[in-house]
Amino acid sequence: MLELEARAEPSRLMAWASPLLAVALMLVGGLAVFAALGKDPVEGFRVFFLNPVKDLYALSELLLKATPLMLCAIGLAIGFRANVWNIGAEGQFMLGAVAATGVALYFGDAESALVLPAMVLAGAAGGAAWAAIPALLRTRFNANEILVSLMLVYVAQLFVSWLVFGPWKDPDGFNFPQTRMFAEAATLPMVIEGTRLHFGFAIALAALVAGYAFINRSHAGFRMRVAGEAADAARYAGFSATRMIWVGLLLGGAAAGLAGMGEVAGPMGQLTDKVGSGYGFAAIIVAFVGRLNAFGILLASLLMALLYIGGEQAQQYLNLPNSISMVFQGMLLFFLLGADVFIHYRLRLRRRGT
Amino acid sequence: MPIPYPPLQPDTAAGPARLVLQGISKAYPTVVANHDIGLVVRAGEIRAILGENGAGKSTLMKIIYGVTRPSSGRMFWEGEEVAVASPAHARSLGIGMVFQHFSLFETLTVVENVALALPGKPALDALARRIVEVSERYGLPVDPRRHIHALSVGERQRVEIIRCLLQDPRLLIMDEPTSVLTPQAVRKLFETLRRLADEGCSILYISHKLDEIRTLCHTATVLRGGKVTGECIPAQETPASMARLMIGKELPRCEHDARQAGSEVRLRLAGLSHAADDPFGTDLRDLHLDVHAGEIVGIAGVSGNGQQELLRVISGEAPLAEKFPVQICGVEAGRLSPGRRRRLGMAFVPEERLGRGAVPTMSLADNALLTAAHNQGMVAAGFLRFGRARAFARRCIDEFDVRCGGTAAAAKALSGGNLQKFIVGREILQAPRLLVCAQPTWGVDVGAAAFIRQRIIDLRNRGCAVLVISEELDELFEICDRIAVIAKGRLSPVRAARDTSIEDIGVWMSGLWPGAEHTAGAPLATETPHA
């Protein structure tokens, strides 16, 4: 009879192997899904997983997709470490995009080198401000930040719609719900010429390094880790729970806001009502698949970007619905949670005896 | 503890063997908790299972009661081999157990709690009559209609015992039953147990308190490191000889010389009142206390009389609305956070080690950072200096003889006693001006306990003020210069330890100290809102 037996120590090997195992199982599951849909599994695998990495341009698209995921996820990880559950990165992302757009539209065609830095600051501030609402309600009235931050996503979406259907609509835009295209000075420069990979990628990498330093090296990060691991110990040590809620939500919001800024000032070049494309939610999966640490998040965001692009490829070349990428995301998280059991338990074959 | 009752005469050949264990072993992934244990309990026998924490006593009892299964070995019940599958199975055989930690629903009445443990749906009225009957017969007075939350700890234990007795057990297992009782209540409990034994019920009595075992038990089986290291007739032994069996060496004593305390007040409680956060907690009412430099003040009391609340208020985990009721090193600190109080020179050892005093999953070096980060210069410009944290953790390990796998070992990998030594070491090595210590040796083996007490006395000799809150009266009398009692959220007058006795303090523990009558039942002087 098979039996789960608690390990004396959580397995370090399994902690790292579990995401890899989950990816492997997802691939196997994916092949089965392709086969069940009447597609050649090998062809499906090639289109879904190899097309997105076949040349420099494809790779640059992959990194472009991973950029907002990285940014959102590293910010969320800081809060998640302290059990501050910010589920509303999607809304903070949109408010960051709105704030940056506001700056871009205000400067219009001005050729100032200060426009982009101002947009970066505005993006971070916009996201942080949106995250400040759940922080305030949580610390003042003990309102659950999971619900508040999630609800604010829908408020943010409606706010963006109102802006692009109303006051910010491009007068020459044939009534499409979008703003004017940003001027040259309000658009992020490219990292690699001839691709769409913009400077936001460098910002995201810098955020990962900063996130690593904060979580693993700073006293504030240590305090948050303690709070997440043992709330009573944090109280005993005198670490302020209120401060941790603020830091967790504000940093998460700022990072998501930066990601939103990167989207409007990068590949989109304008604000539309489609600005929120689920990055903020996907980043929650990225943060957990990446084990809430910077290096893991780097890898997990690349994987998640691969799933997004693979889904688009499957739609284009295999005639499969785009939601196939959601199926893969779901399988990945499912298998990860399953594999994580073996961090704390091992499987034992046990003979029945008296 | 001197309890003026004559030890019973040993009487081992009295009855037939009721329970026999042969070669019982239990292995967990990391440790062998029981190894080849043999045990015979006869009808009407009170047998002590004596051993330090971690000796394997609880594991053995859980095997007998069907909570866990042995890895190997045989168990015979009244001559027939049995494999106890579950506690319900054990109860149907006639085995009852009273756990150290009670399993009662606070919001239900006594009779409802008892009914829950019985098979079927007993009629409450009839059951209440049976409860009264049993309680009168064994001298366990309890009102079946009262709610559990309104009962004292001693009364709750009576409910647990009555619940067992209603099922007519032929073997009763008592796990450390006296740790929550006053000396007087202990005496009552022993009378009950003797009466049960006289009627033929066998009793397995688990304890590490040598005096109690000498007073109560006919026979004793001594466990050390999961093995039986000896059997004895307690009445024929001295505490020292039983201690040798239990810990394998002489019982260590602390050196505590009387000395003059300094005049400087390091901790002052000035009319401290505080409403408990927990609806079943204890409100603190108008507490006054001074702790001076160079003295150890002890607060005795049965658990659940406000110790938890008092500790949280002093440590800052439950800050007050006003500043003056808690004064630390001359500063009115009632509203300060624990971190700010630490900077005033206070150190604090909480009673829960894992999860409060230390983060279970973190290394000892990280746990050094928990409270010593600023005091020991482990933070520079907001960043951690891991080298310093490791060095400080190393000092705690070396100077407090912590047995562990080094500074990288996770806190939860340490045994309770070793983790306690680490936490006490971490607090003492920060050279505090005031040390507040809750249950400094709870669940710690005898050797480590003596070591910790000695280090606390050494700290006091260096001029630190120490407040110890403990339920172990022996411990308080061993180390304290002055002693007070907390009962129902009120604090008794403070007495010099050498001018009082365990008996007096025992009486005070039920709330009866000179002058107590005048204030009993008075409403809270000031309602303190809690954040």
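No experiment lies behind these values; they were computed from the predicted model shown. Note on naming: letters A, B, ... go to the chains in the order of the sequence lines (proteins, then strands), and numbering restarts at 1 for each one.
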Subject >> Test side-chain hydrogen bond (donor to acceptor under 3.5 Å, both in side chains) applied to B/E317 - qualifying residues, sequence neighbours left out >> reply: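 Scan of B/E317 (side-chain hydrogen bond (donor to acceptor under 3.5 Å, both in side chains), adjacent residues dropped) gives B/S315, B/R356.
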
Subject >> Partners passing side-chain hydrogen bond (donor to acceptor under 3.5 Å, both in side chains) against A/H219 (at least two apart in sequence or in another chain) >> reply: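 Here the qualifying residues are A/R223.
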
Give, as side chain, backbone, both or neither, the part of [X] having an atom under 4.5 angstrom from any heavy atom of chain A.
X      : result
B/D366 : both
B/R342 : side chain
B/F348 : both

Subject >> Residues in residues 232-251 of chain A that sit under 4.5 Å from chain B, counting heavy atoms only >> reply: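 A/D232, A/A233, A/R235, A/Y236, A/A237, A/G238, A/F239, listed by number.
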
Original post:
Hey, are the side chains of B/L384 and A/R217 touching, using non-hydrogen atoms and a 4.5 Å cut-off?
Top reply: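 No, side chains not in contact.
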
[options]: which one forms the most heavy-atom pairs within less than 4.5 Å of chain A?
options                        : answer
B/R312, B/M362, B/R385         : B/M362
B/A83, B/S72, B/P350           : B/P350
B/A373, B/A381, B/G382, B/S337 : B/G382

Subject >> Interatomic distance, A/N216 atom CG to B/F386 atom CZ [nearest 0.5 angstrom] >> reply: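 If we round to the nearest 0.5 Å, A/N216:CG and B/F386:CZ are 7.5 Å apart.
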
Extract all donor-acceptor atom pairs below 3.5 Å that involve side chains of residues 77-85 of chain A and protein atoms in other chains or at least two apart in sequence.
{"residue": "A/R81", "atom": "NE", "partner": "A/L292", "partner atom": "O", "Å": "3.2"}
{"residue": "A/R81", "atom": "NH2", "partner": "A/L292", "partner atom": "O", "Å": "3.1"}
{"residue": "A/N83", "atom": "ND2", "partner": "A/G228", "partner atom": "O", "Å": "3.3"}

Original post:
More than 12 foreign heavy atoms under 6.0 Å from CZ of B/F76: is that the case here?
Top reply: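 More than 12 within 6.0 Å, yes.
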
Subject >> Which atom of B/L369 lies closest to which atom of A/F222, heavy atoms considered >> reply: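 B/L369 and A/F222 have their closest heavy atoms at CB-CZ, 3.5 Å.
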
